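Below is one structure, written out as structure tokens; comments come after it.
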Amino acid sequence: MKDKIVHIYSHTHWDQEWYFTSSRSRIYLFNHIKNVIRILQSNDEFPCYLLDAQSALIESYLQWAPADKEVLSQLIADKRLLTGPWYTQTDQLVIHQESVVRNLWYGIKIANDAGGSMALGYVPDCFGQGGNMPQIYKQFGIHHALFWRGIADNTLFETEFLWQGDNGEQIFAVQMPWGYHYGGLLDETPETMAAFLSEKMAVIEARSARQNLLYPHGFDQAPMRKNLPDLVKQFNACDPDRHYQIGSPLAFVEAVEKETQDVRVLQGELTEGKHSRVHKTIFSCRADLKILNNEMESLLVNTLEPILAISHTLGHDYPSNIMADIWKLMFSNAAHDSIGGCNSDTTNQDIFFRYKHARDLAINLLELHTRLIATRTPREHDYAFTVFNPLTSKASPQVTFEAWLPGIPFILRDTAGNAMPYVIEEETDLTQYVLNQTIRLNPGKPYLKPEKVYRTKITVKSSALPALGYTRWYLDFAGAGASKVGEDKSPVIENAFYRIEIEENGLLTVTHKPTGKSYGRQMLLVENGDDGDSYNYSPPRQDLLVTSEGCMTSFCREQSVLNQSLLLEYVLKVPRDLDERARGVTTSAMKVAVCVTLQHDDMIRFSLDVENQVLSHRLCVHFATDIMANMSYADQLFGVVARPVLLSNALKVWETEHWHEKPVSIEPMQSYVNLHDDEHGFTLHTNGVREYEVVGDCFDTLSLTLFRSFGYMGKEDLLYRPGRASGETVVATPDAQLLGPLAFHFGWRLNSGRFDAAQHARHSKAFLTSFPVYQDSDFLNGRLRFCLSEEERTYPQEYSVCELPDSPTDALVSVVKCAEENKGLIYRFYNPNLNAPATLPALHNARYVLLDEKTPSKERAMLNPNDIQTLYVDIV
């Protein structure tokens, strides 16, 4: 009997777009799967083939070859064609937690509908592994993982280990140290075959003492090698020490697991770049597309899905197929290259239009369902507004919305008749346009026809909105309630939490009123060169750093009953390009306008507009703290992750050990990053790029990347990434220079007390949630919005599906949504704390399920940090 068993899994890694477009990929995918079907049908000795674990590939093929559905389903059911569990090979570090969950949900469903899903967390090429993936995998019935990137041999020399998620759950995992393409090339020449195999296997055996070895056969867009069974016979004939066999990667991982007794345990995220590039600074590549992604994820998870849940409880059907189409557009953009932005400009244009399509569908679906509810609610006023709260607790947010108003003074009242403060931001007379759009289905019925119609942008400080529900507002023309906006030259704004003052050098000093402590050098803009490419930021060998200190050209203060804002303008003299930067020349003026706003809560809001006319550079914003940090804390998938601010051990050896990338501490987040001690903390919340770094001589300053720009898809020999280029050096990416106007939004919070009590994730969710408003006025029914028939108005004036506890001791809601395959609602909770357990609410008619929404799970009253729990609630 031979000593070793070599498992050859035959596969292709199919990027659906990259330096090529998705259209080109789909055409070649169609041809590829045709060949796969033909080869598998004609050769019973070819046991199985892996189609990259992406069921989107199956779905794509069957759209154009529906006649092959039966034969394809049979091959999948027989486990000869392997697909799933993913819909697309998603990123796991900056994609929203719900997107990762839905990617698996749809991926497994489509694969199962086609014959069966592979129960393996197979991730051949993503740029690092998320710290809570073991738990997520297990909740989908996946107990094994196989991947390439993220582990250095300094950390794990052998290839197999127990991967422990940050909540403590474990799965058995195997790393492919040399990638999915290690066995892509096979020597078919009899005279050299034995030597070829000996050389290849020696490297594998040096890292694994196990009897079962893995030899992945495939590469990007690899054709299926139809003579592979014959080659395997030849391998067995010429190699006396090893038995070669074609099989599934899951069978290999299970075989290794059976022969292991004691394996190492690795915990959390895996992002080391020694043997495989993880491109840690890809999180800021194509900031324009990253912002679109983040805005869409917030719209879907925080607003649209809860509103659809409210609508469903009132009797409206859940538009599951529409939501599936929207999510699939997002999944296409969440694939590791696509969300990375490391593509050709043409491909990134396709990505942009998918975001546009997804947003258009989401916005119109949201409008339809808010309208279906608003127009069935009794209307006592001609100008009535239905206001929705998608959060599961009462909220009194500041809401900005568009209304069509008569241009006369009014008081804005809530359903109890209370006046609410508001500001009119903009007014445009569109009388003729709007009134000419009106359609009167019943001309005999009287209706309000205003003399004037102004498209009006209003910002209002809302009274309390019912939890996960709606209420009504109306206009009272008996008085005038609009607040005026005043402007002056004062350098100070303040509310109950902060006093913010402009320093002489143009930076800010923030005084935290609850403690009386002041913090200077806030909001320092830092610009420097970027000699990198679409994968990696890398500083130039001759850099020039420019800051906003001393560059403010003007300022003013705006005040209203709602807000106080500082409007600041800066002009930074910067180099035009890398050549000027190397020579220390600054011929370009980069204009930056910043609005710093205080509302009535403890979030300092920043809006920043840049007119970018500069090539190959990076812009960050710095906030100084008084904490000399060893660790940073950021949100990850369903929890919080602690990271060292400096990878000291790796930095000592990376050059002598020839790491593929410099181990930098430029890190990803979901929505916030925090520095804290036991007494206080500082938190940056972002609605834009999800990338940060802790900088400063004492590591006391939080740096948020706003954007970076570059001119080529791939470049060679970077300071942060020596050696070969990633991607294609011949692909120029002028769009990635991001020339033109750019806009960014982020928040800054200071808190007293411990980390858990500050509830950073809860504040982020509120910061990233929008509150829809629908105007219910007869004159708007027509071509402007599409005309709908009048319905019986039977809904209550106020409505709440449920109200959940909202304290630091309570689990945080990730999403409330309609169940995918039944009539109930899904409430997903997680514990966002660093140390403390969180309480699960008691919901009526609820049962505990896993992420698949159907498998029962154990009932529990508490969640440990990083734990996830889904509740299915029947609609009564």
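Values in this document were obtained by computation on a predicted structure and should not be read as measured data.
Screening Phe388, Tyr774, Phe771 against Tyr470 for a ring pair (Phe, Tyr, Trp, His ring centres under 6.0 Å) leaves a single residue, Phe388. For the salt bridge (charged side-chain N to carboxylate O under 4.0 Å, His left out) with Asp776, the lone residue among Arg376, Arg785, Arg379 that qualifies is Arg379.
Side chain to side chain, Ser560 and Asn563 fail the donor-acceptor criterion of an N or O pair below 3.5 Å. In this model, no donor atom of one side chain and acceptor atom of the other lie less than 3.5 Å apart for Ser463 and Asn418.
Taking CD1 from Ile439 and CZ from Phe779, the interatomic distance works out to 15.0 Å, rounded to the nearest 0.5 Å. Residue Glu305 holds its CD atom at 13.0 Å from NE2 of His312, rounded to the nearest 0.5 Å. Residue Arg102 holds its CZ atom at 10.0 Å from CD of Gln97, rounded to the nearest 0.5 Å.
A salt bridge does not link Asp350 to Arg354: none of the charged nitrogens lies less than 4.0 Å from a carboxylate oxygen. Using a cutoff of 4.0 Å between basic side-chain nitrogens and carboxylate oxygens, Glu790 and Lys445 are scored as salt-bridged. Electrostatic pairing of Glu98 and Arg828 counts as a salt bridge here, judged by a charged N lying under 4.0 Å from a carboxylate O. At a threshold of 4.0 Å, the pair Glu821-Lys109 counts as salt-bridged, since one of the basic side-chain nitrogens sits closer than that to a carboxylate oxygen.
Between Tyr87 and Phe331, the ring centre distance stays below 6.0 Å. The ring of Tyr422 has its center no closer than 6.0 angstrom to the ring center of Phe401. Ring centroid separation for the pair Tyr383 and Phe477 comes in under the 6.0 Å cut-off.
Arg690 places no side-chain N or O within donor-acceptor distance of the main-chain N or O of Met669, the cut-off being under 3.5 Å. Using modelled atom types, one side-chain atom of Asn389 and one backbone atom of Pro466 make a donor-acceptor pair closer than 3.5 Å.
With sequence neighbours left out, Ala766 forms a side chain to side chain contact (heavy atoms under 4.5 Å, CB included) with no residue at all.
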query: Taking it one step at a time, do Lys290 and Glu691 satisfy salt bridge (Lys or Arg N to Asp or Glu O under 4.0 Å)?
result: CA-CA 11 Å; Lys290 295 289 198 303; Glu691 178 184 280; over 6 Å; no

query: Yes or no on side-chain hydrogen bond (donor to acceptor under 3.5 Å, both in side chains) for Tyr447 and Thr438, after CA distance, side-chain angles and deciding distance?
result: CA-CA 11 Å; Tyr447 83 109; Thr438 304; 4.8 Å; no

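Annotation: salt bridge (Lys or Arg N to Asp or Glu O under 4.0 Å) contacts involving residues 760-773, sequence neighbours excluded, comprise Arg762-Asp806.
The two residues Ala743 and Ile291 have their closest heavy-atom pair at O-CD1, 3.7 Å.
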Run the side-chain donor-acceptor check on residues 841-852: report pairs under 3.5 Å with partners two or more places apart or on a different chain.
residue : atom : partner : partner atom : Å
Arg847  : NH1  : Asp874  : OD2          : 3.4
Tyr848  : OH   : Arg860  : O            : 3.3
Asp852  : OD1  : Lys854  : N            : 3.0
Asp852  : OD1  : Thr855  : N            : 3.0
Asp852  : OD2  : Thr855  : OG1          : 2.5

